[in-house]
Engineer: 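Following this message is one structure expressed as structure tokens.
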Amino acid sequence: MASRKTKKKEGGALRAQRASSNVFSNFEQTQIQEFKEAFTLMDQNRDGFIDKEDLKDVYASLGKTNVKDDELDAMLREASGPINFTMFLNLFGEKLTGTDTEETILNAFKMLDPDGKGSIHKEYIKRLLMSQADKMTATEVDQMLEFASIDAAGNVDYKALSYVLTHGEEKEEA
């Protein structure tokens with residue numbers, strides 16, 4: 001559910017609502033409540049954002065007072081913007097699911113597409129994913145391909161699939 005602030009903002013409101021609804025759907029209600037409690041503990045000044053001073057205060061409460069500014073800055077740079085609760089959930093969702101960035105996934109697909117067509121046959125993808133590295137099951141591959149744009153010849157639009165894998169399924173707008 002988008003906050004009143006998100007609804008009022010012009011321009012990025014639709015994207016903000018979609019992003020927040022996707023991240024909330026990645027967790028069960030009990031998990032969201034636990035993350036909210038953790039966020040509240042970290043948001044020492046209660047302004048709705050976790051900043052460098054909040055992180056310093058958290059470390060101090062744990063007895064570590066010599067944390068360096070560049071370490072704190074590095075932590076804050078992991079987020080793509082100010083760390084409000086939605087961003088906090090996004091950060092944990094990425095860590096927990098181990099999802100690579102869209103660019104990383106897209107580059108991996110591009111390596112399998114030497115002609116640069118923008119698509120790869122679904123059976124080729126399935127065969128690779130079931131036989132290499134962290135092997136996936138046929139069911140897991142089929143579940144992933146449910147969200148893919150596949151043409152009549154069986155070719156997967158891997159740019160669109162990379163987006164869906166990292167941002168969630170795009171909903172049709174009314």
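Predicted model only: the values in this text are computed from it and were never measured.
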Engineer: When rounded to the nearest 0.5 angstrom, what is the spacing between CG in Asp73 and NZ in Lys68?
Structural biologist: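 So the CG of Asp73 and the NZ of Lys68 are separated by 13.0 Å.
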
Engineer: Do Leu62 and Ile50 sit in one hydrophobic cluster, given that two such residues count as connected whenever their side-chain heavy atoms are within less than 4.5 Å of each other, even indirectly?
Structural biologist: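 In one cluster: yes.
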
Engineer: Are Val67 and Leu55 close enough that some pair of their side-chain heavy atoms sits under 4.5 Å apart?
Structural biologist: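 When only atoms from C-beta onward are counted, Leu55 and Val67 do not touch, as no gap falls below 4.5 Å.
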
Engineer: Counting C-beta onward and ignoring hydrogens, is there a side-chain heavy-atom pair between Val141 and Met130 closer than 4.5 Å?
Structural biologist: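 Side chain of Val141 against side chain of Met130, heavy atoms only: contact under 4.5 Å found.
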
Engineer: Sequence neighbours excluded and cut-off under 3.5 Å, please list the side-chain donor-acceptor pairs for residues 120-128, or say none.
Structural biologist:
unit_1 : atom_1 : unit_2 : atom_2 : d
His121 : ND1    : Glu123 : N      : 3.1
His121 : NE2    : Ala153 : O      : 3.0
Lys126 : NZ     : Asp142 : OD1    : 2.9

Engineer: Would a 4.5 Å heavy-atom cut-off, applied to side chains only, mark Phe49 and Asn84 as touching?
Structural biologist: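 Heavy-atom side-chain distance check passes, below 4.5 Å.
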
Engineer: Quick one: are Asp57 and Met42 in side-chain contact, heavy atoms under 4.5 Å?
Structural biologist: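 They are not in side-chain contact.
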
Engineer: Check Ser119 against Tyr158 and note the closest heavy-atom contact, atom names and distance.
Structural biologist: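 So the two residues come closest at N-CE2, 3.3 Å.
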
Engineer: If you compare all heavy atoms of Met144 against all heavy atoms of Leu161, which two are closest, and at what distance to 0.1 Å?
Structural biologist: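 So the minimum-distance heavy-atom pair works out to O-CD1, 3.9 Å.
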
Engineer: What's the shortest heavy-atom distance between Ala79 and Met87, and which atoms?
Structural biologist: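 Closest approach of Ala79 to Met87: CB-CG, 3.8 Å.
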
Engineer: Would you compute the distance between atom CG of Leu145 and atom CG of Leu129 and round it to the nearest 0.5 angstrom?
Structural biologist: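 The CG atom of Leu129 is 8.0 Å from CG of Leu145, to the nearest 0.5 Å.
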
Engineer: Write down the atom of Ile83, the atom of Phe39, and the distance for their closest heavy-atom approach.
Structural biologist: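 Reported closest heavy-atom pair: O-CE1, 3.7 Å.
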
Engineer: So, Asp115 side chain and Lys117 main chain: donor-acceptor pair closer than 3.5 Å or not?
Structural biologist: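 Judged by distance alone, no pair lies under 3.5 Å.
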
Engineer: Does any N or O in the side chain of Asn107 come within less than 3.5 Å of the main-chain N or O of Thr104, such that one atom is a donor and the other an acceptor?
Structural biologist: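 Not confirmed, Asn107 side chain does not pair with Thr104 backbone.
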
Engineer: Output the distance between atom CG (Leu72) and atom NZ (Lys56), rounded to the nearest 0.5 Å.
Structural biologist: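 So the gap between those two atoms works out to 6.5 Å.
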
Engineer: So which atom in Ile105 and which in Ser162 form the shortest heavy-atom distance, rounded to 0.1 Å?
Structural biologist: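 That closest heavy-atom pairing would be CG2-OG, 3.5 Å.
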
Engineer: Given side-chain contact (heavy atoms from CB on, under 4.5 Å), test Lys36 with Leu89 step by step and report yes or no.
Structural biologist: CA-CA 9 Å; Lys36 185 64 175 172; Leu89 277 181; over 6 Å; no

Engineer: Roughly how far, to the nearest 0.5 Å, is the CG atom of Asp51 from the CG atom of Leu76?
Structural biologist: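 Leu76 atom CG to Asp51 atom CG measures 7.5 Å (nearest 0.5 Å).
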
Engineer: Return yes if some donor-acceptor pair links the side-chain N/O of Asp43 with the main-chain N/O of Gly48 below 3.5 Å, else return no.
Structural biologist: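 At least one qualifying donor-acceptor pair exists.
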
Engineer: Which distance, rounded to the nearest 0.5 Å, do you find between the CG of Leu106 and the NZ of Lys110?
Structural biologist: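 That separation rounds to 4.5 Å.
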
Engineer: Between Lys159 and Glu102, which heavy-atom pair has the shortest distance, and what is it?
Structural biologist: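 Minimum heavy-atom separation between Lys159 and Glu102: O-OE2, 4.5 Å.
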
Engineer: To the nearest 0.5 Å, what is the distance between CD on Glu71 and OH on Tyr59?
Structural biologist: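 Going from CD on Glu71 over to OH on Tyr59, the span is 7.0 Å.
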
